[in-house]
Peer 1: 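Sharing a structure, written as structure tokens. Questions coming.
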Amino acid sequence: GLASGHGMHRHKEAFLASLAGRKLWWVAPPHVESGTAGGRPSFPYKELTPEEGGWPCSWLLQEDLVPPGVLRCVQRPGEVMLLPAGWWHMTCS
């Protein structure tokens, strides 16, 4: 099946541990505004069909469309991710 993911959002500070597998994160500080829609960093994945990658993991297919200021990292088993309060983030597992 398709890779799973969670769309761009933010909340209070969080520590997230990975026990197995890898997770790809896109993160952006609270002040990132360029390339936004509704106040959040945006990417046109909602406009794509499932065959074109219409889910958060589609950012991998067209990284040139990722808004400026959005950073990417990979979390591996045994690693802990610290997300400061208010940071935008989304994942692809």
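Note that the numbering runs from 1 along the sequence shown for the chain. Worth knowing before you read on, the calculation uses all heavy atoms, side chains too, and leaves out hydrogens, waters and symmetry mates. Predicted, not measured: the structure shown is a model, and the values here were computed from it.
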Peer 1: Would you say the side-chain atoms of His11 pair up with the backbone N or O of His9, donor to acceptor, closer than 3.5 Å?
Peer 2: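 A pair under 3.5 Å: no.
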Peer 1: Hey, could you give me each pair passing side chain to side chain donor-acceptor pair (under 3.5 Å) that has a residue in residues 74-85? Not counting sequence neighbours.
Peer 2: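 Qualifying pairs, neighbours excluded: Trp25-Gln75.
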Peer 1: Under the side chain to side chain contact (heavy atoms under 4.5 Å, CB included) rule, what do Arg72 and Trp26 come out as? Steps first, then yes or no, please.
Peer 2: CA-CA 5 Å; Arg72 181 179 71 151; Trp26 285 273; 3.9 Å; yes
Peer 1: Show which side-chain atoms of residues 17-24 pair as donor or acceptor with protein atoms under 3.5 Å away, not counting sequence neighbours.
Peer 2:
none

Peer 1: Val80: which other cluster members, linking ILVMFWY side chains closer than 4.5 Å, directly or transitively?
Peer 2: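 Direct or chained contacts put Val80 with Phe15, Leu82.
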Peer 1: Mind checking what makes side-chain contact (heavy atoms from CB on, under 4.5 Å) contact with Leu71, not counting sequence neighbours?
Peer 2: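 side-chain contact (heavy atoms from CB on, under 4.5 Å) list for Leu71, sorted by chain: Val27.
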Peer 1: Considering all heavy atoms of both residues, which atom of Gly86 and which atom of Pro30 are nearest to each other, and what is their separation?
Peer 2: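 So the minimum-distance heavy-atom pair works out to O-CG, 3.4 Å.
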Peer 1: Tell me, do Arg10 and Trp88 make a side-chain contact under 4.5 Å, heavy atoms counted?
Peer 2: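 Counting from C-beta outward, Arg10 and Trp88 do come under 4.5 Å.
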